[in-house]
Engineer: 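I have a structure I would like to understand better, so I am pasting it below and will then ask my questions one at a time.
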Amino acid sequence: MFSSRLLFFSFVFAIFAPFSLALKHVPYLNVIGNAVKLVNNANRDQSNDDKFHDTLSYWKEIPGKLLNENENAADQYNVSEQCSFSLAALQLGLTQRETWALQIIDAIAKPEAGVLDGSLKWLGSYDECKRTSYHNESRSLDIKGKYSLLSIPIGASTNALSGSSVTALVIGVCLPDSCSPGDITALVHNNIGRIPFGNFSGLQFYVTSEEEDKPLTSNAVVAIVILSILALIVILGTAYDVIIVQWLRNIGSELQKHAEDEKIPLLNHNSKEVHMESESTYEKLLLSFSVYSNAKKILSTRKTSETLTALNGIRFLSISWVVLGHTFAFVLSNISNSGPFLKEMLGRRSFQAIANALVAVDSFFALSGFLLAYLTLKEMDKRNGKLNWAMFYFHRFWRLTPAYMLVLMTEATLSPYFADGPVYPPQGFEVDYCGKSWWKNLLYINNFFDSSEMCMAWSWYLSNDMQFFILSPLMLIPLYYHEIAGIIVCLVFLLGTTIAPGVLSTHYDMPPSLFTVGGSQEGFVDYFSKYYIKPWCRMGPYIIGIMFGYLLYKTKGKLRIHKVLNLLVWAVSATLACLVLYGLYDAMNGNPLSTNVSSLYNATDRTVWGACVCWVIYACATGNGGFVNTLLSWSAFGPLARLSYCLYLVHPVIMYAYYFSSRTPIYLTDFSAIYLFLGNIVLSFMVAFVASLVFEAPMMGLEKVLLRKDKK
């Protein structure tokens, strides 16, 4: 009984998630939420399962029947005359075994093996269909293959986020280009009455045909112009740096050495003038875009005595964890064995580190709060408590926004042209090219609006982080001037961000995680919009980070802890982290938590996780980290950590482009999952390196030049 239910809901996930992404542009957060909820839902009776299989067996014959009785279909269901004529020519070509006709039939999807494992995406041969063509002047025939996706509803189910939904069989159809989506729908209707049960005559079939040509939109043209101008400036800056500055510097150095040998002061004076000439403001502005100089900074492994080197390792491991979680979340919508794979994975305790990878972003919140408090309080100490708060906010906005907006512009306007494929969304990865919602991202308020319209849905994290940053002086200023008052303010904030998620979780009966059973349907639907992306539910780790950063500032990194006490704190921290990470195993395997326990978990888990991460940072910074500090302080982590911001921005785009352009579903195994993860993270780092060189580093250089910041 359980296996049949499990298989059914794996069918739902295997089709609904990719189909909704490709055709409805549902944000990526919803895809993550769909994954395990549908698999663990067992509210379907056996009789419906039997009917489902009967209906499925009927629909397996559909691909072979698309060409049958097309003349009757033309009369009864208004198939266009051009389409009927082309289909007649196709049938004639088949009888004469002409290559082009055989290619069209060969490209049409056939029933796939593994249907009971969740293989409901029969995509056929996309490329074979696209390259098929036939021209006959005597018969005035000019036929090209046209690829379409036909989504046939074969049952109703309950979607974890939007309520009711349709279980759909997705079939790749190759027909002559004269057949419109309406013609294909009519051909399917020709056999609709033979469905074994239910009345499907009123259902709407979704037929999407790929556009033959994708003309550049005005938004795409503007984006290309902006990127071209930026690329030109980068080329000029790099050429000036390499050819003029670096070359003259080497020549000047040689002249200076020669002058010292021959004791000719004039040459030495001239060489200094040559070096000084490269320090004008205009040249500095141009050099800010130099790939040569910026790459040296990004790839540098140099450390200083004040560098919190362990942060680099935590950054790298955390962003890798985010990519790992997204690798599984994204690929699950494009696999042919979702049923057995998910069942096996969820049965492993080790898989909890992936299923509960959502706390990885809380590590970044803790890091952000820790660094902000430590560095800001040190700066206030140098300036006797005085700080330019306007520049405090501007620096943060300028640090994040240019790269963020440039990536958003590129992804929203140019993603329709990145690739193609059977399920590739013709309008790109965003709703309406982000035309109605981009300003919400610019103002970092997109997490306050409907998540279904969110542009770059993973940017909810950036909005939260900026909102926390805006509120941070309310804690930092009291901490600097009056320790007790500052701690009280922090505790008040912490109490509020603990009570809020607990109350919301209880009121809406939310599950303790996206991937667990339990809670109400309404609670699961509201988990995203009312809990997961809201700052009053996510600020706990940030506040803990501020408090630990203040502690490091006060102790000046010189606190030595007794060995026994140190080991005890490490043991407690590790135990709490494991409870947060692995404590939901039973809840993910059919044993739901009660409403009160779920509310307690939602109220405290992220704060507890943030405290564990902050202890690791503090222990390593004060010399109490032992081999953990040695591992996290590996010099190679430095360059990789500097790319973490751009990697966070671009890695979902890389995954979208790959998975949507896939010609066939993936049969996922442990080895293939590892292979996908390594490919995703390596390629994402490569793209992030380019984005950092072109989008991020130049803007940081401009800020230093224009605002006359001291070089550090």
Side-chain angles (χ1 to χ4, degrees), residues 20-21 24-33 161-162 217-220 222-223 226-227 322 326 329 358 361-362 364-365 368 390 392-416 425 427-472 497 500-501 504 514 525-539 542 645-653 655-656 691 695-696 699:
S20 61
L21 273 173
K24 299 182 180 179
H25 303 280
V26 175
Y28 98 118
L29 286 175
N30 292 2
V31 179
I32 297 174
L161 292 169
S162 60
T217 63
S218 57
N219 293 332
V222 171
I226 293 175
L227 293 176
V322 171
H326 281 165
L358 303 174
V361 292
D362 295 293
F364 282 107
F365 286 142
S368 184
F392 174 81
Y393 287 118
F394 175 80
H395 172 70
R396 185 64 174 179
F397 182 84
W398 187 258
R399 166 71 178 84
L400 299 179
T401 307
Y404 178 21
M405 289 296 105
L406 286 169
V407 171
L408 186 151
M409 176 194 71
T410 303
E411 187 250 359
T413 61
L414 299 181
S415 59
Q427 303 302 319
F429 306 151
E430 301 295 345
V431 179
D432 297 328
Y433 306 103
C434 292
K436 298 180 180 179
S437 58
W438 64 269
W439 61 273
K440 301 172 188 175
N441 295 67
L442 178 63
L443 298 178
Y444 295 92
I445 57 175
N446 58 339
N447 58 327
F448 292 135
F449 295 87
D450 186 3
S451 61
S452 65
E453 299 178 356
M454 190 181 294
C455 185
M456 276 182 66
W458 57 99
S459 64
W460 68 268
Y461 161 78
L462 301 178
S463 297
N464 275 268
D465 189 74
M466 180 62 77
Q467 291 153 15
F468 301 159
F469 185 85
I470 292 172
L471 294 174
S472 63
T497 195
L504 289 171
L514 299 176
V525 172
D526 291 333
Y527 190 94
F528 288 106
S529 59
K530 291 183 170 60
Y531 169 78
Y532 188 77
I533 62 176
K534 289 297 185 282
W536 45 83
C537 296
R538 303 303 298 264
M539 197 176 183
Y542 197 89
Y645 175 58
C646 282
L647 188 141
Y648 183 82
L649 292 176
V650 304
H651 80 273
V653 183
M655 294 186 190
Y656 274 146
F695 295 164
E696 183 183 22
M699 303 307 165

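Model, not experiment: these values are computed from the prediction.
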Engineer: How long is the gap from CG on Leu504 to CG on Asp526, to the nearest 0.5 Å?
Structural biologist: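 It comes to 9.5 Å.
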Engineer: Looking at Glu430 and Met456, would you say the former's side chain and the latter's main chain have a donor-acceptor pair under 3.5 Å?
Structural biologist: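 Side chain of Glu430 to backbone of Met456: a pair is present.
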Engineer: After noting the C-alpha distance and the side-chain angles of Asn219 and Thr217, does the key distance pass the side-chain hydrogen bond (donor to acceptor under 3.5 Å, both in side chains) rule?
Structural biologist: CA-CA 5 Å; Asn219 293 332; Thr217 63; 5.0 Å; no
Engineer: Any chance you could lay out the side chain to side chain contact (heavy atoms under 4.5 Å, CB included) test for Trp458 and Val653, step after step, and finish with the verdict?
Structural biologist: CA-CA 10 Å; Trp458 57 99; Val653 183; 3.9 Å; yes
Engineer: Any chance you could measure Ser472, atom OG, to Met539, atom CE, to the nearest 0.5 Å?
Structural biologist: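 Rounded to the nearest 0.5 Å, the OG-CE separation comes to 7.5 Å.
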Engineer: I'd like to know if the side chain of His395 reaches the main chain of Phe392, judged simply by a donor and an acceptor atom lying under 3.5 Å from each other, with no hydrogens or angles considered.
Structural biologist: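 Side chain of His395 to backbone of Phe392: no pair is present.
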Engineer: Using 0.5 Å steps for rounding, measure from the OH atom of Tyr532 to the CH2 atom of Trp460.
Structural biologist: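 Tyr532 atom OH to Trp460 atom CH2 measures 4.5 Å (nearest 0.5 Å).
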Engineer: Would you check, one step at a time, whether the test side chain to side chain contact (heavy atoms under 4.5 Å, CB included) holds for Asp465 with Phe364?
Structural biologist: CA-CA 9 Å; Asp465 189 74; Phe364 282 107; over 6 Å; no
Engineer: Report yes if some heavy atom in the side chain of Met699 is under 4.5 Å from a heavy atom in the side chain of Arg399; otherwise report no.
Structural biologist: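 The answer is no, as the side chains (C-beta and beyond) never meet within the 4.5 Å cut-off.
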Engineer: Name the atoms and distances for all side-chain donor-acceptor pairs under 3.5 Å in residues 404-416, with sequence neighbours left out.
Structural biologist:
{"residue": "Tyr404", "atom": "OH", "partner": "Asn441", "partner atom": "ND2", "Å": "2.8"}
{"residue": "Tyr404", "atom": "OH", "partner": "Ser459", "partner atom": "OG", "Å": "3.2"}
{"residue": "Thr410", "atom": "OG1", "partner": "Leu406", "partner atom": "O", "Å": "2.8"}
{"residue": "Thr413", "atom": "OG1", "partner": "Met409", "partner atom": "O", "Å": "2.6"}
{"residue": "Ser415", "atom": "OG", "partner": "Glu411", "partner atom": "O", "Å": "2.6"}
{"residue": "Ser415", "atom": "OG", "partner": "Phe429", "partner atom": "N", "Å": "3.1"}

Engineer: Applying salt bridge (charged side-chain N to carboxylate O under 4.0 Å, His left out), name anything that partners Lys440, two or more places apart in sequence or on another chain.
Structural biologist: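 Salt bridge (charged side-chain N to carboxylate O under 4.0 Å, His left out) list for Lys440, sorted by chain: empty.
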Engineer: Nearest 0.5 Å, please: how far is OG in Ser452 from CZ in Phe528?
Structural biologist: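 That separation rounds to 12.0 Å.
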Engineer: Could you tell me the separation between the CE atom of Met466 and the OH atom of Tyr393, rounded to the nearest 0.5 Å?
Structural biologist: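 Here the interatomic distance stands at 10.5 Å.
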Engineer: Taking ring-ring contact (aromatic ring centres under 6.0 Å, His included) as the definition, give me every residue that meets it alongside Tyr645, ordered by chain and number, with sequence neighbours left out.
Structural biologist: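 Tyr645 satisfies ring-ring contact (aromatic ring centres under 6.0 Å, His included) with no residue once adjacent residues are dropped.
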Engineer: So Asn446 and Trp438, do their side chains get closer than 4.5 Å, heavy atoms only?
Structural biologist: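 When only atoms from C-beta onward are counted, Asn446 and Trp438 do not touch, as no gap falls below 4.5 Å.
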Engineer: Quick one: side chain to side chain donor-acceptor pair (under 3.5 Å) partners of Tyr461, sequence neighbours excluded?
Structural biologist: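 Result, side chain to side chain donor-acceptor pair (under 3.5 Å) vs Tyr461: none returned.
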Engineer: So, Glu696 side chain and Ala691 main chain: donor-acceptor pair closer than 3.5 Å or not?
Structural biologist: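 Answer holds: no.
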Engineer: Working to the nearest 0.5 angstrom, can you tell me the gap between Leu462 CG and Asn447 CG?
Structural biologist: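 Reported to 0.5 Å precision, the distance equals 10.0 Å.
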Engineer: Could you pull out all residues at least two apart from Trp439 that satisfy side-chain contact (heavy atoms from CB on, under 4.5 Å)?
Structural biologist: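 So Trp439 forms a side-chain contact (heavy atoms from CB on, under 4.5 Å) with Leu443, Ile445, Phe449.
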Engineer: Holding to ring-ring contact (aromatic ring centres under 6.0 Å, His included), I want the full list of residues that pass it with Phe468, two or more places apart in sequence or in another chain.
Structural biologist: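 Phe468 satisfies ring-ring contact (aromatic ring centres under 6.0 Å, His included) with Phe365, Tyr542 once adjacent residues are dropped.
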